[in-house]
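In listed order, ligands and their atoms are each counted from 1. Note that the structure is predicted; figures quoted are calculated from it, not measured.
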Amino acid sequence: MLRVAVIGSGPSGVYTAQALVGQDAVPDVEVYVLDRLPCPYGLVRYGVAPDHEKIKSLQHNLRTVLEHPRVHFLGNVDVGADGLGPRELRRMFHAVVYCVGAATDRHLGIPGEDLPGSHSATDFVSWYSAHPDAADGRFPLTARSAVVIGVGNVAVDVARILARGADELARTDVPQAALGALAESRVEDVWMVGRRGPSQAKFTTKELRELGALPGADVLVQPGELALDPAYGDPSGLPAVNRRNVEVLRGWAEGEGTEGKGAEGVGEGMGQGVFGGRRRVRLRFFLRPVEVVGDAESGVRGVR
Ligand SMILES: Cc1cc2nc3c(=O)[nH]c(=O)nc-3n(C[C@H](O)[C@H](O)[C@H](O)COP(=O)(O)OP(=O)(O)OC[C@H]3O[C@@H](n4cnc5c(N)ncnc54)[C@H](O)[C@@H]3O)c2cc1C
Ligand SMILES: NC(=O)c1ccc[n+]([C@@H]2O[C@H](COP(=O)([O-])OP(=O)(O)OC[C@H]3O[C@@H](n4cnc5c(N)ncnc54)[C@H](OP(=O)(O)O)[C@@H]3O)[C@@H](O)[C@H]2O)c1
């Protein structure tokens with residue numbers, strides 16, 4: 001009998017286990033899925049946004065795999081710590097597959113990045129996802145403006161959670177402490193800042209559109225800034241996802257309004273989109289952060 005250890009119980013680990021017990025070239029493979037956390041499913045449980053219920057429900061499919069009679073889940077096993085390393089694993093198993101994800105942050109490498117009030121997305125997401133590593137974390141949302149650096153899907157998640165009302169999140173599995181802080185949040189403006197142009201943004205169109213559909217928030221773009229992108233005028237040569245992103249952004253810039261709201265006004269030189277929402281998501285492009293401004297005592301005051 002072949003015994004295989006799979007390290008990590010996120011989707012890659014669980015689908016590896018599924019493939020191992022599903023193949024018939026080597027019969028009766030026994031799979032042990034080890035995770036440093038007590039609960040399985042990796043970022044599906046502790047990263048996918050709580051208001052993305054459909055993706056979160058993938059946990060049910062993953063659970064079916066872990067309930068297979070030849071798959072065993074062992075939580076609270078931190079490989080690399082407590083004397084359990086690759087050598088020990090190779091003594092116990094015929095093969096070891098590492099599916100440990102990418103848990104560490106990337107740093108901007110700019111002055112002020114470590115000031116109070118400047119956080120990695122990992123920390124913020126872990127907080128609203130009840131990740132065991134964030135058990136003591138707190139985010140008192142006392143600032144009026146929040147700046148999210150990056151225009152990928154994690155940035156969209158973070159901006160959306162900041163822009164949503166706590167009542168909209170109450171029916172999700174956001175932990176109570178985070179829900180309480182979100183209910184008292186003073187944040188009114190959420191800036192999403194991309195260092196490249198709209199045609200190079202990493203978010204996917206479905207996620208971008210979701211921002212425009214938030215009931216209590218408006219999305220603002222700067223038409224002049226979008227037009228700096230050579231592909232903005234004619235996006236036909238772009239890959240489909242980038243083309244669709246540009247089309248959504250152009251729709252907002254030209255006043256089609258954020259989804260379901262209709263266009264009614266122009267706000268502060270920011271293009272269309274002032275529809276009376278309590279909060280605003282402001283998308284900016286071609287801006288590279290060079291400094292987080294502030295001091296150790298009062299924390300972040302701005303981003304240059
Ligand atoms: C904030 C965020 C939101 C996302 N939302 C979506 C979404 O809505 N839709 C979508 O399609 N994708 C989404 N993604 C991407 C998706 O979550 C990842 O692509 C996917 O989870 C990667 O799977 P994985 O198994 O490689 O890693 P992970 O899901 O990170 O799983 C890795 C597992 O390995 C364990 N592990 C790590 N080190 C050790 C160790 N030393 N010993 C034992 N175990 C260990 C971890 O505890 C974890 O359980 C999101 C990503 C992020 C960061
Ligand atoms: N479907 C969903 O709802 C969902 C939700 C969350 C995550 N995900 C997936 O999870 C994966 C990870 O997402 P992600 O958003 O973390 O990564 P990502 O898609 O790579 O986006 C990272 C963003 O950060 C920017 N960035 C990186 N370093 C920077 C720097 N030094 N200065 C300024 N900007 C910087 C990038 O700009 P450049 O492009 O210029 O480098 C990019 O806009 C992706 O596959 C994503 O689709 C999916």
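Distance check, rounded to the nearest 0.5 Å: OG1 of Thr122 to CG of Asp105 gives 3.5 Å. For the atom pair CG (Leu211) and CZ (Arg160), the distance works out to 7.0 Å, reported to the nearest 0.5 Å.
For atom 21 (O) of ligand 2, the closest non-hydrogen atom on the protein side is Gly152 CA, 3.6 Å. Looking at atom 25 (C) of ligand 2, its nearest protein heavy atom turns out to be Gly150 CA, 3.8 Å. Atom 32 (N) of ligand 2 has its closest protein heavy atom at Leu108 CD2, 3.5 Å. If you check which protein heavy atom lies closest to atom 41 (O) of ligand 2, you get Arg195 NH2, 2.8 Å. Protein heavy atom closest to atom 14 (P) of ligand 2, with residue, atom name and distance, is Val154 CG2, 3.6 Å. Ranking protein heavy atoms by distance to atom 39 (O) of ligand 2, first place goes to Arg196 NH2, 2.8 Å. Taking atom 47 (O) of ligand 2 as the reference point, the nearest protein heavy-atom neighbour is Asn153 ND2, 3.0 Å. In terms of protein heavy atoms, atom 1 (N) of ligand 2 is closest to Glu207 OE2, 3.4 Å.
Proximity to Gly42 (heavy-atom distance under 4.0 Å) selects the following atoms of ligand 1: 29 (O), 31 (O), 48 (C), 49 (O). Close contacts between ligand 2 and Ile149 involve ligand atoms 33 (C), 34 (N) [criterion: under 4.0 Å to a heavy atom].
Distances from atom 50 (C) of ligand 1 to the protein include no heavy-atom value under 4.0 Å. Checking atom 28 (N) of ligand 2 against the protein gives a heavy-atom contact under 4.0 Å. For atom 35 (C) of ligand 1, the protein comes within 4.0 Å by at least one heavy atom. Inside a 4.0 Å radius of atom 31 (O) of ligand 1 there is at least one protein heavy atom. Distance screen at 4.0 Å: atom 37 (O) of ligand 2 has a protein heavy-atom neighbour inside the cut-off. Within 4.0 Å of atom 44 (N) of ligand 1, at least one protein heavy atom is present. Within 4.0 Å of atom 24 (P) of ligand 1, at least one protein heavy atom is present. Atom 12 (N) of ligand 1 lies below 4.0 Å from none of the non-hydrogen atoms of the protein. Checking atom 16 (C) of ligand 1 against the protein gives no heavy-atom contact under 4.0 Å.
Using a 4.0 Å cut-off between heavy atoms, Asn153 makes no contact with ligand 1 at all. When heavy-atom distances to ligand 1 are checked against a 4.0 Å cut-off, Ile7 comes that close only through its side chain, counted from C-beta outward. Within the 4.0 Å heavy-atom criterion, the part of Asp157 lying near ligand 2 is the side chain and not the backbone. At a heavy-atom cutoff of 4.0 Å, ligand 2 is contacted by no atom of Ile55, backbone or side chain. Residue contacts with ligand 1, taken as heavy atom pairs separated by less than 4.0 Å, involve Val79 via backbone and side-chain atoms alike. Within the 4.0 Å heavy-atom criterion, the part of His52 lying near ligand 1 is the side chain and not the backbone. Contact annotation for His52 and ligand 2: only side-chain heavy atoms (C-beta onward) come within less than 4.0 Å of the ligand. By the criterion of a heavy-atom distance under 4.0 Å, both the backbone and the side chain of Val100 are placed next to ligand 1.
Under the 4.5 Å side-chain heavy-atom criterion for ILVMFWY residues, no single connected hydrophobic cluster contains both Phe73 and Leu37. Linking ILVMFWY side-chain heavy atoms closer than 4.5 Å, directly or via other members, places Leu214 and Val221 in a single hydrophobic cluster.
Remark: among candidates Val44, Val48, Leu37, the nearest residue to atom 5 (N) of ligand 1 is Val48, based on non-hydrogen atoms. Remark: among candidates Ile55, Val33, Leu74, the nearest residue to atom 9 (N) of ligand 1 is Ile55, based on non-hydrogen atoms. Nearest to atom 48 (C) of ligand 1 by heavy atom, out of Asp35, Val158, Asp51, is Asp35.
Residue Gly80 places every heavy atom at 4.0 Å or more from ligand 1. Residue contacts with ligand 1: Val14 is excluded, as none of its non-hydrogen atoms falls under 4.0 Å. Using a 4.0 angstrom heavy-atom cutoff, Cys99 counts as in contact with ligand 1.
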Next on the checklist: Using the rule given for side chain to side chain contact (heavy atoms under 4.5 Å, CB included), can you reason through Thr205 versus Val241, listing the C-alpha separation, both sets of side-chain angles and the distance that settles it, and then say yes or no?
Outcome noted: CA-CA 6 Å; Thr205 315; Val241 61; 4.0 Å; yes
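Between Tyr46 and His131, the angle of the ring planes lies from 30° to 60°, which puts this pair in the tilted group. Aromatic ring pairs are classed by plane angle as parallel below 30°, tilted from 30° to 60° and perpendicular above 60°; the pair Phe93 and Tyr32 is tilted.
Scored by the side chain to side chain contact (heavy atoms under 4.5 Å, CB included) test, Arg90 finds Val96 as partners (sequence neighbours excluded).
The side-chain tip of Arg63 does not point at the ring of Tyr41 from less than 6.0 angstrom away and within 45° of straight on.
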